[in-house]
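Here the structure is laid out as structure tokens; the discussion comes afterwards.
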Amino acid sequence: MIIVNGHLTIDPAQRDAAEAAIADAVAATRAEPGNVDYRFSADLADPNRINMVEIWEDQAAIDAHMGTDHLAAFMAAIGPCVSGSVSITSYAIASSTTLL
């Protein structure tokens with residue numbers, strides 16, 4: 001399993017455009033084979049930061065995702081909305097434990 005975690009810093013004037021682009025990407029990506037979860041959320045401490053978490057079954061699913069038309073459309077749409085730091089990190093997970 002692979003977890004991708006990160007954030008985007010969004011220009012407040014572009015918030016509506018960013019949210020529209022994210023909504024389209026989430027709907028399409030969640031339907032992809034190998035996607036376990038794909039979500040973006042507002043950061044409670046920084047209103048211009050949007051956090052993201054993706055969970056994938058394997059690297060092959062991520063590789064397929066990277067070649068999709070909807071990801072290309074998302075990247076084109078979100079680019080003008082970003083106004084600060086972007087950080088995205090991938091973690092290979094060998095095991096997990098449910099805590100609650």
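By the 30° and 60° cut-offs, the orientation of the rings of His65 relative to His70 is tilted.
Separating the CD1 atom in Ile50 from the CD1 atom in Ile78 is a distance of 6.0 Å, to the nearest 0.5 Å.
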| query | Are Leu8 and Val86 close enough, and set up right, to give a side-chain contact (heavy atoms from CB on, under 4.5 Å), and what steps lead you there? | reply | CA-CA 5 Å; Leu8 310 168; Val86 173; 3.7 Å; yes

| When you look at Glu32 and Tyr38, which way does the side-chain contact (heavy atoms from CB on, under 4.5 Å) test go after all the steps? | CA-CA 10 Å; Glu32 289 182 47; Tyr38 190 81; over 6 Å; no

| Arg39 and Val26: side-chain contact (heavy atoms from CB on, under 4.5 Å), yes or no, with the steps? | CA-CA 7 Å; Arg39 67 185 62 236; Val26 167; 5.8 Å; no

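With a 4.5 Å cut-off on side-chain heavy atoms, Ser85 and His7 count as touching. Using a 4.5 Å heavy-atom threshold, the side chains of Val36 and Glu57 count as touching. Looking at Met66 and Leu71, their side chains come closer than 4.5 Å, going by heavy atoms from C-beta outward. Looking only at side-chain heavy atoms (C-beta outward), Glu54 and Ile3 stay at 4.5 Å or farther from each other. Using a 4.5 Å heavy-atom threshold, the side chains of Ile88 and Val4 count as touching. Using a 4.5 Å cut-off on side-chain heavy atoms (C-beta onward), Ile62 and Ile2 make contact.
None of Asn48, Thr9, Asn51 except one satisfies the side-chain hydrogen bond (donor to acceptor under 3.5 Å, both in side chains) rule with Asp43; the exception is Asn51.
The backbone N or O of Cys81 lies less than 3.5 Å from no partner atom in the side chain of Arg15, so there is not a single donor-acceptor pair.
Two different hydrophobic clusters hold Leu44 and Met52 under the rule that ILVMFWY side chains link at heavy-atom gaps under 4.5 Å. Under the 4.5 Å side-chain heavy-atom criterion for ILVMFWY residues, no single connected hydrophobic cluster contains both Ile22 and Val53.
For the salt bridge (Lys or Arg N to Asp or Glu O under 4.0 Å) test, no residue two or more places apart in sequence or in another chain qualifies with Arg30.
Listed by first then second residue, pairs satisfying ring-ring contact (aromatic ring centres under 6.0 Å, His included) with a partner in residues 74-95 read Phe40-Phe74, not counting sequence neighbours.
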